[in-house]
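One-based numbering, in listed order, for ligands and for the atoms of each.
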Amino acid sequence: MTAEETELAGALGERPAFVPTMGALHEGHVSLIRHAAGLGHQVVVSIFVNPTQFAPNEDLATYPRTREDDIERAREAGADVIFIPDEQVVYPGGSRAAERGAAAIQLPEVATRPGLEDACRRHFFGGVCLVVGRLFDLVRPGPAIFGEKDYQQFMVIRSMVQEQAERFEGIEVIGCPTIREPDGLAMSSRNVRLTSDTRERALGPYRALQAAGQAETPREAEASMAEVLDAHDLEIQYAVIRDAETLEAVSDDGRPMRALIAATLDGLRLIDNAPYPG
Ligand code: PAF
């Protein structure tokens, strides 16, 4: 064990509740930490901007970093341990080996088949599964709490834990609802990039989800979502109704469904989702 791992191990209780984050904490993260605190376990929050989930053309270098505020927010929300590892603690084999590991990792089907985030950000789930697996190995949590705003990510991590039951034994992946601004905008660390001009257009995904809820059929819902996103001058990556578990095409056998949206606004990616029909 490295000195940092030993220090972490010394601070950890038995099966803590764990909230992994990349920092730039907002009310959405606060709600996850509060949820964790309500479970009666020790609460561990990690802050690590994970390089392996960013493609070379993405915003790793400029991802918002607000460490001092994050520590204060996490403590106020109920964190007992705040784990801010250096890259070599998470990836002791170095960044090249980590990149290779992320590319080679065996992913659950929900990370490869739906054609949603997996199609738009091909490197993403490899990096997420690699880092979350490594953080789980270091923290050895009981409950692990994730926001449903990144719905596919939540489903992927849940599947990863189920599929590698021996490695991740004792971990329960819990999803918490998306936290929104009063006008409906889903909270996101990247919202700081919205300007007074783009803030109103960023409401498109939320309004599209509301419109989907009024539609009679999944097909009509998809058409309504596209119309609302167009009206907000957003470039649609997907706006679909899918099986809520597999995230694949819906069938008519009454299984739960989910509306899922990704769109860009002057280069800024917005994602949102909600149960369908609502
Ligand atoms: O959702 C996030 O903030 C990140 O993808 C996660 C799960 C912390 C992994 O880096």
With atoms numbered from 1 as shown, which atoms in ligand 1 lie under 4.0 angstrom from a non-hydrogen atom of P20? 8 (C)

Contacting atoms of ligand 1, where contact means under 4.0 angstrom from a heavy atom of V131: 9 (C), 10 (O)

For T21, atoms of ligand 1 separated by under 4.0 Å from a heavy atom: 8 (C)

Below 4.0 angstrom from a heavy atom of Q53, which ligand 1 atoms are there? Numbered from 1 as shown, please. 4 (C), 5 (O), 9 (C), 10 (O)

Are V110 and Y276 connected into the same hydrophobic cluster when the rule is that any two of I, L, V, M, F, W, Y join if their side-chain heavy atoms are below 4.5 Å apart? no

Nearest-neighbour protein heavy atom for atom 7 (C) of ligand 1, which is reported as residue plus atom name and distance: Q153 NE2, 3.6 Å

Restricting to non-hydrogen atoms, name the atom on P20 and the atom on L135 that form the minimum distance, rounded to 0.1 Å. CB-CD1, 4.3 Å

Check each heavy atom of I157 against ligand 1 and say whether those closer than 4.0 Å belong to the side chain, the backbone, both or neither. neither

What distance separates R258 CZ from Y151 OH, expressed to the nearest 0.5 Å? 4.5 Å

Under a 4.0 Å threshold between the charged nitrogen and the carboxylate oxygen, would R15 count as salt-bridged to E172? no

Could you list the residues that satisfy ring pair (Phe, Tyr, Trp, His ring centres under 6.0 Å) with F54, not counting sequence neighbours? Y63

